[in-house]
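Structure first, commentary second.
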2 protein chains.
Amino acid sequence: MDDTTDLATRQDTPPQPRLRRLSLYEAVAERLREMVLEGELPPGSRISEKRLCETFEVSRTPLREALKVLANEGLVELLPNRGAKVTEVEPGEVADLFEVMVELEGLSGRLLASRAGEAEIAEIRELHQRMMAHYRRQERPEYFALNQQLHRRLTEIAGNAVLLELETSLTVKVTRARYAANLQLGRWEESAREHGEILAALEARDGEALSRAMREHMRRTGDAVIQGLGGA
Amino acid sequence: MDDTTDLATRQDTPPQPRLRRLSLYEAVAERLREMVLEGELPPGSRISEKRLCETFEVSRTPLREALKVLANEGLVELLPNRGAKVTEVEPGEVADLFEVMVELEGLSGRLLASRAGEAEIAEIRELHQRMMAHYRRQERPEYFALNQQLHRRLTEIAGNAVLLELETSLTVKVTRARYAANLQLGRWEESAREHGEILAALEARDGEALSRAMREHMRRTGDAVIQGLGGA
DNA sequence: TTCGTGTATTTTGAATTCAAAATGCAGGAT
DNA sequence: ATCCTGCATTTTGAATTCAAAATACACGAA
């Protein structure tokens, strides 16, 4: 896209692996992921390669590579010789998903308490306060975005790469389940309060309390989502 | 491989999604996974698409699709415009891996105790005894294979699809770390004893004890592997 | 009418081709 | 001698082509 920066990047990128132009298949995968998450491609719907190729204006090769990526993320299912379909959101599987997420959050909390430095805690506090400001103003999209960012940052600070990777990929499914459940419901207030408890436990560096609070937060989110799906 | 069964499978496979001929890229991915796990493709080594295509006698398309699958499993790294390389086995990441696995095993144990029926327990007992027979005869490969099968079956019985999926994919990494650590060491006896405790807790349907035993088993395996890698 | 069979069409799987980026190397300037 | 610079070669990224499988449909028999 921006080829005037070649000169500048040429010698800087090898050491810093950040910031590169995406492959076509990555771009397609990203866009496709969005479409699935937001229900633009509804669960269960068959994906016609030809149609999508026309939509994205790419050939089938990068599209098929992107589909393989999405398949590994569990967003689409690849049926041999019969194309791909968007996976269904089964309430049972969503329950399983949160059951696992609760454990991972618990681990995250325990690690956090022992590994977060003062600087990190200050950073979290700041994110928390910004988020709460949006809550008071009832700005949902901004709140939600910061919420995601905050949770991600917490896991980053926990300092376990495998955990971070797992939470990232499972969060995609969680987000999808939220959309499917149309979860803009009444949990806002409760959720905000839980966030307060999480911050408090972090500031107190109380590993057990933090772990409990994060587990509980995830558990309740799960309950709300599952209820929204008409599950148990 | 066996194309004489086409006639038989033609009408049976649609209802039962089991048992289908693999796509070329799946076959390639499987073989490639083996090669990485067993160190035939050493960590850090660059992968030449052309060479591998010649080895497998396939074109680049299915090979590249397979590489994408392996990349999502974390076995290879895709460098844009510069091909793929086998990921390194970093002791730090292996430590992270086991830290997560311990939690998942704990969950698995808790679920197992409440969900395993008599039939399942009997099945596990039988697997356990077969495994122990191999232990007594000091037949390592057979022991190891049954060990894998038993652990997988335990997670299956735990009845959480997401957990099963996660453990499956993480087990691939665990296996790779074991190979890298050359772990055919002295933990055999200890490990066998731990398996006894697991079975006992399962038979007693003691969720807490089972969870603890499975966590502990995984923790110690991790310690041994990390030690074998020359880590902490 | 309904069901089954065979054929035409569409869609997917894999190979090939074409283009762009990266790598390696030779020659020349400092 | 060392370090640029530019070209040739190799390797990767993406489009296209070809083949095989699945689907849709029309026809004919029961």
Over how many whole Å does the gap from Leu78(B) atom CG to dT11(D) atom P extend? 17 Å
Counting only non-hydrogen atoms, which of residues 49-59 of chain B are less than 4.0 Å from DNA chain D? Glu49(B), Lys50(B)
Distance check needed: dA20(D) C1' versus Leu24(B) CG, whole Å only. 13 Å
May I have the distance from Leu79(B) (atom CG) to dA22(C) (atom C1'), rounded to whole angstrom? 12 Å
Report the distance from atom CD1 of Ile47(A) to atom P of dG13(C), rounded to the nearest whole Å. 13 Å
Side chain to side chain contact (heavy atoms under 4.5 Å, CB included) against Phe56(A), all qualifying residues, sequence neighbours excluded: Val28(A), Arg31(A), Leu32(A), Met35(A), Leu52(A), Val58(A), Leu63(A)
Spacing of Asn81(B) atom CG relative to dT12(D) atom C1', expressed in whole Å: 6 Å
Closest to the side chain of Thr61(B), out of dT12(C), dA14(D), dT16(C), is dT16(C)
Whole Å only: how far is the CZ atom of Arg60(B) from the P atom of dT16(D)? 16 Å
Polar contact flag, side-chain donor to acceptor under 3.5 angstrom, Arg152(A)-Thr171(A): no
Please check: side-chain N/O of Thr55(B) versus main-chain N/O of Arg51(B), any donor-acceptor pairing under 3.5 Å? yes
Nucleotide nearest Tyr25(A) (side chain, heavy atoms from C-beta), chosen from dA14(D), dG13(C), dA15(C): dA14(D)
With distance as the sole criterion, is a donor-acceptor pair present between the side chains of Arg176(A) and Thr87(A) under 3.5 Å? yes
Tell me what Leu63(B) touches on the nucleic acid: a base, only sugar-phosphate, or nothing, going by heavy atoms under 4.0 Å. nothing
Report the C-alpha distance between Glu99(A) and Arg115(B) in whole Å, list the side-chain angles of each, state the deciding distance to 0.1 Å, and finish with yes or no for salt bridge (charged side-chain N to carboxylate O under 4.0 Å, His left out). CA-CA 15 Å; Glu99(A) 206 165 45; Arg115(B) 293 182 187 169; 3.5 Å; yes
From the list Glu156(A), Gln149(A), His151(A), side-chain hydrogen bond (donor to acceptor under 3.5 Å, both in side chains) with Arg153(A) holds only for Glu156(A)
May I ask you to say what Leu67(B) touches in the nucleic acid, namely base, sugar-phosphate or nothing, with a heavy-atom cut-off under 4.0 Å? nothing
Quick check on dT23(D): is either OP1 or OP2 less than 4.0 Å from any side-chain nitrogen or oxygen of Arg82(A)? yes
Given Val162(B) and Met101(A), is the side-chain contact (heavy atoms from CB on, under 4.5 Å) satisfied, shown in steps? CA-CA 10 Å; Val162(B) 174; Met101(A) 281 295 271; over 6 Å; no
Measure the distance from CZ on Arg46(A) to P on dT11(C) and round it to the nearest whole Å. 10 Å
